[in-house]
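Just so you know, these numbers use all the heavy atoms, side chains as well, and skip hydrogens, waters and symmetry mates. Throughout, residue positions are numbered sequentially from 1 according to the sequence presented.
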Amino acid sequence: VERSEWLSYHAGVDGISILFVLMSAVLSFLVILYGKIIPLEKSGKFILVTLAVEATMMASFLTVNLFWFVLVSAVQMGLLAYMVWRWATSPERDIALARYLQFMGIGIILLLLGSLVLSWNYYSHTGEWSSDLTKLLQIPIDLYIQSIVFFLLFFGFIVRLPLFPFHGWFSAVAEHGVVAIAPVLII
């Protein structure tokens with residue numbers, strides 16, 4: 001566990017997070033290898049964006065602060081949208097991009113609202129704002145607030161993950177997007 005007070009950043013790793021970090025590194029290597037084998041326009045920029053996506057994936061697995069998680073998720077959404085816009089080969093890539101941004105935007109807004117409700121609950125008990133999970137776990141949450149937070153976080157996550165029936169963006173991106181971002185979308 002590492003903590004930076006001036007950024008309010010708190011990172012930690014557990015047994016499953018380390019596996020996802022390693023898997024992100026391997027998949028990013030394979031995507032970069034794909035970018036070298038398949039001739040893409042501006043492959044240097046492709047590698048740069050791929051490495052930035054890898055950094056956001058690893059940061060989302062390691063952060064223990066909910067607002068940093070939402071921020072990293074929003075940056076990752078922008079980077080993946082740029083990859084679809086720039087390197088997709090289908091003439092209907094605009095439809096895939098629009099669907100992706102609609103669904104991911106709603107998911108990130110739901111995650112942000114759930115994080116705000118948890119932080120507000122912490123503030124109402126302690127008088128200070130925090131989105132650090134280790135601090136949030138120390139404060140009891142009323143049952144009705146638990147239900148609201150569960151709804152917001154659950155639907156925020158299942159929109160980001162391609163789970164049925166909230167996977168309307170995934171088929172469009174898989175069909176009209178670039179093959180190289182498929183491993184990123186699976187994680």
Side-chain angles (χ1 to χ4, degrees), residues 1-35 46-84 87 100-101 103-119 122 129-139 141 149-164 166-167 169-170 173-174 177-187:
V1 175
E2 186 66 32
R3 184 180 293 239
S4 171
E5 292 300 328
W6 62 278
L7 282 177
S8 183
Y9 185 77
H10 187 185
V13 65
D14 59 5
I16 196 152
S17 292
I18 193 69
L19 294 175
F20 281 120
V21 167
L22 292 173
M23 186 171 55
S24 298
V26 170
L27 284 175
S28 296
F29 172 74
L30 292 174
V31 169
I32 290 171
L33 190 63
Y34 168 84
F46 178 79
I47 291 171
L48 178 70
V49 173
T50 302
L51 290 173
V53 169
E54 176 187 17
T56 59
M57 281 193 304
M58 289 184 180
S60 67
F61 293 134
L62 296 177
T63 189
V64 186
N65 188 306
L66 288 177
F67 287 125
W68 276 101
F69 178 79
V70 172
L71 177 67
V72 166
S73 297
V75 170
Q76 183 181 37
M77 177 187 76
L79 290 169
L80 290 174
Y82 177 74
M83 288 182 89
V84 170
W87 288 287
Y100 175 75
L101 289 174
F103 276 78
M104 289 297 130
I106 290 170
I108 288 175
I109 288 170
L110 291 173
L111 289 174
L112 179 63
L113 290 174
S115 301
L116 284 172
V117 170
L118 282 174
S119 295
Y122 184 82
W129 288 93
S130 178
S131 60
D132 190 343
L133 282 177
T134 56
K135 289 181 179 180
L136 295 176
L137 289 173
Q138 297 171 357
I139 303 298
I141 304 173
V149 168
F150 175 79
F151 170 79
L152 292 170
L153 294 180
F154 178 75
F155 285 105
F157 278 118
I158 66 169
V159 167
R160 288 194 66 206
L161 301 170
L163 295 179
F164 181 80
F166 302 96
H167 66 298
W169 61 271
F170 189 69
V173 172
V178 62
V179 174
I181 65 168
V184 175
L185 297 175
I186 291 172
I187 296 181

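Every residue two or more places apart in sequence or in another chain that forms a ring pair (Phe, Tyr, Trp, His ring centres under 6.0 Å) with Phe69 is listed here: Phe157. For Thr50, the side chain to side chain donor-acceptor pair (under 3.5 Å) test picks out no residue, with sequence neighbours left out. Partners of Ile47 by side chain to side chain contact (heavy atoms under 4.5 Å, CB included), not counting sequence neighbours, listed by chain and number: Ile32, Lys36, Leu51. Scored by the side chain to side chain contact (heavy atoms under 4.5 Å, CB included) test, Val149 finds Val117, Leu118, Ile145, Leu153 as partners (sequence neighbours excluded). Residues passing the side chain to side chain contact (heavy atoms under 4.5 Å, CB included) test with Leu137: none are found, sequence neighbours excluded.
The nearest pair of heavy atoms linking Glu54 to Ala25 is OE2-CA, 3.4 Å. In plain terms, the two heavy atoms of Ser119 and Ser130 that are nearest each other are OG-O, 3.0 Å. Taking both residues in full, the closest heavy atoms of Leu111 and Arg160 are given as CD1-CD, 3.7 Å, listed atom of the first, atom of the second, then distance.
With values rounded to the nearest 0.5 angstrom, Leu22 atom CG is found 5.0 Å from Ile18 atom CD1. Annotation: the span from Asp132 atom CG to Trp68 atom CH2 amounts to 13.0 Å, rounded to 0.5 Å. In this structure, the separation between CG on Leu113 and CZ on Phe151 is 10.0 Å, given to the nearest 0.5 Å.
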Show, in sequence, the C-alpha distance, side-chain angles and deciding distance for Leu66 and Val70, and conclude whether the side chain to side chain contact (heavy atoms under 4.5 Å, CB included) test is met. CA-CA 6 Å; Leu66 288 177; Val70 172; 5.6 Å; no
Stepwise, does the side chain to side chain contact (heavy atoms under 4.5 Å, CB included) test hold for Gln76 with Leu79? CA-CA 5 Å; Gln76 183 181 37; Leu79 290 169; 5.6 Å; no
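Shown are Tyr82, Tyr100, Phe103; of these, the side-chain contact (heavy atoms from CB on, under 4.5 Å) with Met77 is made only by Tyr100.
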Please tabulate, for side-chain N and O atoms in residues 57-64, each donor-acceptor pair with protein atoms closer than 3.5 Å (sequence neighbours left out).
from, atom 1, to, atom 2, distance (Å)
Ser60, OG, Thr56, O, 3.4
Ser60, OG, Met57, O, 2.7
Thr63, OG1, Asn65, N, 3.3

